[in-house]
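Heads up: the structure comes next, in structure tokens.
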Protein chains: 2
Amino acid sequence: MQSRNTPPTRAGGRPRSAEADTAILEATRQALVDLGWTKLTMGDVATRAGVAKTTLYRRWAGKSELVVDAVAELFDELELPDSGSLAADIEGVVLQFAALLGRPETKTALMAVVAESTTDEPLRERVRASIVDRQKRLVLTGRARAQARGELPVEPDAATAAVTADLIFDVIAGAVVHRALVSAEPVDREWARRFTLLILGGLAAAAASGPGA
Amino acid sequence: MQSRNTPPTRAGGRPRSAEADTAILEATRQALVDLGWTKLTMGDVATRAGVAKTTLYRRWAGKSELVVDAVAELFDELELPDSGSLAADIEGVVLQFAALLGRPETKTALMAVVAESTTDEPLRERVRASIVDRQKRLVLTGRARAQARGELPVEPDAATAAVTADLIFDVIAGAVVHRALVSAEPVDREWARRFTLLILGGLAAAAASGPGA
DNA sequence: CCAGTTACGCTACGAGCCGTAGCGAAAGCT
DNA sequence: AGCTTTCGCTACGGCTCGTAGCGTAACTGG
């Protein structure tokens, strides 16, 4: 995964402990659950992981980078089972995102690192590579399947196809994040269903469909 | 606006300086621009505003509450000119949101306070009342206009109508925020146009429409 | 005019966290 | 062996936090 910072020079000495790495990341996630982003401190994580504070700073520049790597591992679990239809795939993506955002460690960390990244370009790139792209994969997969089934038109020009994919991704991920973290309302099957109707059929379709199945 | 904490007991003594209030909030916004959320400190804001640090703590519990009030004032400017059609109104809402999110003080502060609010319920309520509801107004206005024009069906049941409104709001606000802050790509007229097509006509319509007008 | 009440500026303080330096010991490689 | 890098530990200056204490300023009611 190339999470930690690579040692500045080449090999030849004592190798970095892989156990320490996993212990630190696990301790970071647990600290996020217990304390939240703000009250999480480097010293506390070191104590929890059973390593010295200096060891953390040898591998990560600071709290933001550490937390990004810690939560990024959770996004590895994301997977999209082929459910046979575009509508079902969208609901699947939505519920997958929602499950991750429901976890307390993700909830408190995700917005915080995004906030940091608005004034820290390298961090933003790290967030993109470690977290955002992992989400995006799901959307691209679902889109490719839908095109294979003939449910969505294939865009011949690669550039405009990429623009469309970006648009779709921002709409889906943005809506789920906003619902879960800003509105702080549950992203359940019912919400996913109505959201899917909106995305597939547009505003009028979503408004016309009542609460029933 | 009822931004600061009301004095605990009733009147009778020296009133709080209104000039200090505006100076503090203005200094807070400027500090957000210069330093960003993380490096902003209460002491620094006090110095910029020309007041004592203790004066800040008499009115706000901490950095989060202060920043919420400081950026909330910016959201007062939000207004939706009646542009005659639902499509144009949606583009208007999107560009209004985008203009606010483009400001450096809003950019760095908004995600930060949302992150804080995930582990601080009173703060979340404050964010909702001061910021989110101000955005929501625009969406509700546009929706009502569209229904008056016959562009959207009127939902008779108040409960389901509210659910639909919440859904639409999360989709629009979420997409804009995600595009601007997570993907960190510009929300320009072209993007607003394509987004509007997607919201109005659904996925297939958005994909079918090429880059041209 | 004068007592009562509240806000203000200022100073000072203990507490906590940051990020780094310096040390001796451990663990690999050639 | 000898070299190189990591590790745990301790200690440190610097910064921010949030509060306490004081004398002064501003406004109100008798």
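All values below come from the heavy atoms of this structure, side chains included, with hydrogens, waters and symmetry mates left out. Keep in mind that what you see is a predicted model, and the values were worked out from it rather than measured. In what follows, chains are A, B, ... by sequence order, proteins preceding strands, each numbered from 1.
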Just the rounded figure in Å: distance from [atom2] of [N] to [atom1] of [X].
X: A:K39; N: C:dA15; atom1: NZ; atom2: C1'; answer: 16 Å
X: A:K63; N: C:dG19; atom1: NZ; atom2: P; answer: 10 Å
X: B:R16; N: C:dG9; atom1: CZ; atom2: P; answer: 12 Å
X: B:R58; N: D:dA26; atom1: CZ; atom2: P; answer: 15 Å
X: A:R59; N: C:dG19; atom1: CZ; atom2: C1'; answer: 17 Å
X: B:E19; N: C:dA7; atom1: CD; atom2: C1'; answer: 13 Å

Go through the steps to decide whether A:R194 and B:T164 satisfy the test side chain to side chain donor-acceptor pair (under 3.5 Å), and finish with yes or no.
CA-CA 8 Å; A:R194 301 207 59 177; B:T164 302; 2.9 Å; yes
Whether the B:E185 and B:S183 side chains hold a donor-acceptor pair (N or O, under 3.5 Å, no angle test) is what I'd like checked.
no
Could you tell me whether A:R124 and A:E116 have a side-chain N and a carboxylate O separated by less than 4.0 Å?
no
Does D:dA25 have OP1 or OP2 under 4.0 Å away from a side-chain N or O of B:R14?
no
Is there a donor-acceptor pair closer than 3.5 Å between any side-chain N or O of B:T55 and the backbone N or O of B:V51?
no
Taking the side chain from A:Q96 and the backbone from A:E79, do they hold a donor-acceptor pair closer than 3.5 Å?
yes
Strand contacts (DNA chain D) in residues 49-57 of chain B, 4.0 angstrom heavy-atom criterion
B:K53, B:T54, B:Y57
Just checking, B:K63 and B:W37: is the charged tip under 6.0 Å from the six-membered ring centre and within 45° of the axis?
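Judged by the rule, B:K63 and B:W37 form a cation-pi pair.
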